[in-house]
Novice: 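Dropping the structure in here first, questions after.
Every chain is numbered from 1 and lettered A, B, ... according to where its sequence line falls, protein lines coming before strand lines.
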Amino acid sequence: MRHTKVFIPTLREDPADAEIVSHRLMMRAGLIRKVSAGIYTYLPIGRRVLSKIEKIVREEMDNAGALEVLLPALQPAELWQETDRWHQYGKELMRLQDRHDRDFCLGPTHEEVITDLVRGEIRSYRQLPVNLYQIQTKFRDEIRPRFGLMRGREFIMKDAYSFDENAEGAKESYHRMYDAYHRIFKRFGLHFRAVEADTGLIGGSSSHEFMVLANTGEEGVASCPGCNYAANVERAEAVLGTGSDQSEEECPALKRMETPDMKSVEAVSGFLNVSVAQLVKTLLFLADGRPVAVLVRGDHQVNEIKLKRFLKVTELILADADTVTKITGGPSGFSGPIGLKDVEIIGDCFVETMSDVVIGANEKDTHYLHASPERDFKVNHYEDIRDVVAGDPCPRCGQPIGIDRGIEVGHVFMLGTKYSEAMKATFLDQNGKKRFFEMGCYGIGVSRIMGAAIEQNHDDKGIIWPMPIAPFAIHVIPVQEKSDRVMMTAELIYGSLLQAGVETLLEDRKERVGVKFNDADLLGIPYQVIIGEKNLHESLVEIKNRRTGEKKKIEVEKVINYLIELLEDSPDESDFDF
RNA sequence: CGGGGCGUAGCGCAGUUCGGUAGCGCACACCGUUCGGGACGGUGGGGUCGGAGGUUCAAAUCCUCUCGCCCCGACCA
């Protein structure tokens with residue numbers, strides 16, 4: 001396409017309200033515009049990228065035997081009342097009423113609608129399994145939409161739902177989707193990991209998240225370099241490695257120590273000149289209103305999801321300063337397990353292996369030295385309740401694991417019969433017996449992928465698209481638009497590429513080169529063909545690799561074949577050799 | 001919902017402390033020069049200062065209410 005015929009309103013300056021890099025670059029490169037918080041318009045280039053993403057998703061879903069449908073975004077309350085999610089979903093559900101005051105919502109997800117469809121149409125095990133998917137706009141009234149496309153109130157998602165006659169079949173469907181997701185993300189040309197994940201509100205027995213790795217990601221991803229273990233840090237098991245035990249040396253007697261104003265772990269460790277790993281911090285929580293003391297090593301973090309699961313509570317709040325004093329008798333910052341009364345004490349497993357530690361004394365400006373679990377204080381339960389950290393042993397093979405940041409772009413769940421039971425969705429099995437469908441659901445955040453791809457692939461000049469989802473493959477840039485020779489060559493190359501089926505953008509604006517080059521780098525089309533008078537005198541044009549910045553001069557007659565070969569050879573970002 | 005910040009031209013901002021009738025840069029239109037990394041000169045157009053109410057001779061500026069946006073937190077595919 002010709003630049004002057006496509007609407008690409010680039011911005012010279014960063015928009016004031018865009019914080020993260022993908023948001024800034026999508027605004028600047030003219031991919032999106034904001035309409036309201038968490039609500040965006042996709043401009044032509046943005047829409048092209050979405051189409052690329054959708055095309056790959058469709059091809060792989062179709063290959064995996066899923067069938068595309070389109071479910072309504074506007075959904076009646078009755079369906080949601082059947083599963084009780086009309087209430088459970090809370091304020092995140094966008095609700096509205098029609099002119100007769102009947103309740104509706106804008107779908108944040110489609111389990112209810114799809115289950116309603118299937119229960120009405122599928123009667124026999126002979127019709128199973130079935131997997132239906134759609135690419136559609138979803139609505140979630142987020143507490144706080146943020147990060148541009150990363151957390152919108154309206155966003156585009158591919159969701160698929162599988163229905164099987166039994167658990168084994170459901171497992172098979174799940175694995176088919178899991179494999180399809182691997183192919184999809186590989187084809188996008190993105191670095192990603194599939195990780196074990198928490199099932200959250202959707203429920204079900206098993207689930208994996210697909211994370212695009214980027215250091216701006218919101219999620220922590222623990223993964224093992226030695227085996228294929230990978231998990232969301234929310235869920236990753238923290239295990240004791242060999243050698244984590246302290247020496248058998250006798251621990252000296254407990255000793256009180258003045259620690260004036262030393263409230264934080266770092267302050268105490270600095271003041272006493274001991275490592276933070278020699279401290280045990282005590283955090284007070286209110287678990288459904290009940291006070292609980294939690295012990296973890298000074299440099300470890302309490303994992304509230306694990307703790308919640310262990311305590312089997314729905315609400316877990318870190319106690320405020322007043323509550324701490326009420327529970328422990330001492331000021332916040334000096335809490336410890338010694339002398340705590342009427343409080344359940346949960347210790348992280350690692351604490352059990354420690355001895356001779358520093359702990360708070362539940363008294364202003366005081367800590368204890370040389371404390372040892374069991375000898376000096378009692379712990380009711382030892383449990384894995386902390387976040388894993390880099391270097392922790394892999395729970396499968398024991399090698400030290402690494403922690404990366406990731407952006408969740410896909411999630412697959414085994415749902416079991418949660419929805420089919422709630423909605424009485426049954427079929428007849430071989431014996432003519434009614435059974436509930438075994439379900440699975442599978443989501444891909446289509447619009448979020450666009451943002452995640454940019455988070456992972458950009459530099460200070462702009463976007464660097466992986467070829468498979470780039471809006472165009474080649475950007476043809478004539479330098480001097482007044483030169484007939486330059487313009488004719490540009491038109492020739494542009495025309496030939498189009499004829500060869502290569503998606504090409506021709507820079508045909510009357511702008512200075514600086515503007516053209518800077519906008520080209522901002523747009524991030526993988527290869528730029530730069531046509532200038534100087535090189536043309538020697539019948540050469542220049543090809544610039546946007547990712548590496550590498551430039552190569554090629555003879556005009558050979559450039560089309562050269563580019564076509566280049567595109568065939570480099571389907572993704574990991575393969576950019578000339 | 002709690003904490004912090006911001007709404008002035010399409011975009012980025014100054015002006016608000018201390019009231020005096022709105023400005024800068026970019027962008028846009030036209031003319032000329034320039035032209036392989038965001039040019040220069042000239043001319044020109046564009047504003048209910050987020051909205052409502054109030055105080056005042058006079059309000060972008062002070063007061064009250066309200067709407068919107070951004071960031072942190074709790075929460076979440």
Novice: Give a yes/no on whether any side-chain N or O of A:R512 is located under 4.0 angstrom from OP1 or OP2 of B:A39.
Specialist: yes
Novice: Give the C-alpha distance, both sets of side-chain angles, the deciding distance and a yes or no for side-chain hydrogen bond (donor to acceptor under 3.5 Å, both in side chains) between A:N457 and A:R547.
Specialist: CA-CA 9 Å; A:N457 299 281; A:R547 185 172 296 270; 3.1 Å; yes
Novice: Under 4.0 Å, heavy atoms only, any strand: does A:R33 hit a base, just the sugar-phosphate, or nothing?
Specialist: nothing
Novice: For the side chain of A:I143, starting at C-beta, report the closest nucleotide among B:G38, B:A77, B:C75.
Specialist: B:C75
Novice: When all nucleic acid strands are considered with a 4.0 Å heavy-atom cut-off, which category describes A:K461: base, sugar-phosphate, or nothing?
Specialist: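 Since a base atom lies under 4.0 Å of A:K461, the category is base.
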Novice: What's the CZ-C1' distance between A:R151 and B:C75, to the nearest Å?
Specialist: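 Rounded to whole Å, this separation is 9 Å.
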Novice: Measure from the side-chain heavy atoms of A:A37 and tell me the nearest of B:A77, B:C72, B:C70.
Specialist: B:C70
Novice: Going by distance alone, is a donor N or O of one side chain under 3.5 Å from an acceptor N or O of the other, for A:E421 and A:T417?
Specialist: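 The answer is yes; a qualifying pair exists.
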Novice: Within the 4.0 Å heavy-atom criterion, would you say A:N518 contacts the bases, only the backbone, or no part of the nucleic acid?
Specialist: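 Counting heavy atoms under 4.0 Å across all strands, the contact made by A:N518 includes a base.
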Novice: When only distance counts, do a donor and an acceptor, one from the side chain of A:D14 and one from the base of B:G12, lie under 3.5 Å apart?
Specialist: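 Answer no: no donor N or O sits under 3.5 Å from an acceptor.
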Novice: Within this structure, what is the NZ-to-C1' distance between A:K553 and B:G36, rounded to whole angstrom?
Specialist: 11 Å
Novice: Who does B:C65 pair with, Watson-Crick or G-U, both distances under 3.5 Å?
Specialist: B:G51
Novice: Would you call A:F413 stacked on B:A77, i.e. ring centres under 5.5 Å apart with the planes less than 30° off parallel?
Specialist: no
Novice: Whether the side chain of A:R146 and the base of B:C70 hold a donor-acceptor pair under 3.5 Å is what I'd like checked.
Specialist: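 Looking at the base of B:C70, it does not pair with any donor or acceptor on the side chain of A:R146 (distance under 3.5 Å).
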Novice: Examine the base of B:G36 for any acceptor or donor lying under 3.5 Å from a partner atom in the side chain of A:E542, and report the outcome as yes or no.
Specialist: yes
Novice: Distance only, no hydrogens: is a donor on one side chain within 3.5 Å (strictly under) of an acceptor on the other, for A:D179 and A:Y181?
Specialist: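 Result is no, nothing qualifies.
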Novice: Using a heavy-atom cut-off of 4.0 Å across all strands, would you classify A:K138 as base, sugar-phosphate, or nothing?
Specialist: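 Touches nothing.
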Novice: To the nearest angstrom, how far is A:R12 atom CZ from B:G25 atom P?
Specialist: 14 Å
Novice: Base, sugar-phosphate, or nothing: which does A:F147 touch, judged by heavy atoms less than 4.0 Å apart?
Specialist: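 Result for A:F147 = sugar-phosphate.
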Novice: Give none if B:A29 has no partner; otherwise give the nucleotide forming a Watson-Crick or G-U wobble pair with it, both distances under 3.5 Å.
Specialist: B:U43
Novice: Measure from CZ on A:R24 to C1' on B:C70 and round the result to the nearest Å.
Specialist: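 Taking atom C1' of B:C70 as the reference, CZ of A:R24 is at 14 Å.
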Novice: Taking the ring of A:F413 and the ring of A:H208, is the distance between their centroids below 6.0 Å?
Specialist: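 When the ring centroids of A:H208 and A:F413 are compared, they turn out to be at least 6.0 Å apart.
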Novice: Scan every strand shown for a Watson-Crick or G-U wobble partner of B:G38, both distances under 3.5 Å, and answer none if you come up empty.
Specialist: none
Novice: May I ask which nucleotide in the shown strands pairs with B:C75, Watson-Crick or G-U wobble, both distances under 3.5 Å?
Specialist: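 Looking at the geometry, B:C75 pairs with no nucleotide.
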Novice: Would you please confirm or rule out a distance under 4.0 Å between OP1 or OP2 of B:C71 and any side-chain N or O of A:R144?
Specialist: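 Yes, such a contact exists.
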Novice: When rounded to the nearest 0.5 angstrom, what distance separates CE in A:M414 from NZ in A:K171?
Specialist: 6.0 Å
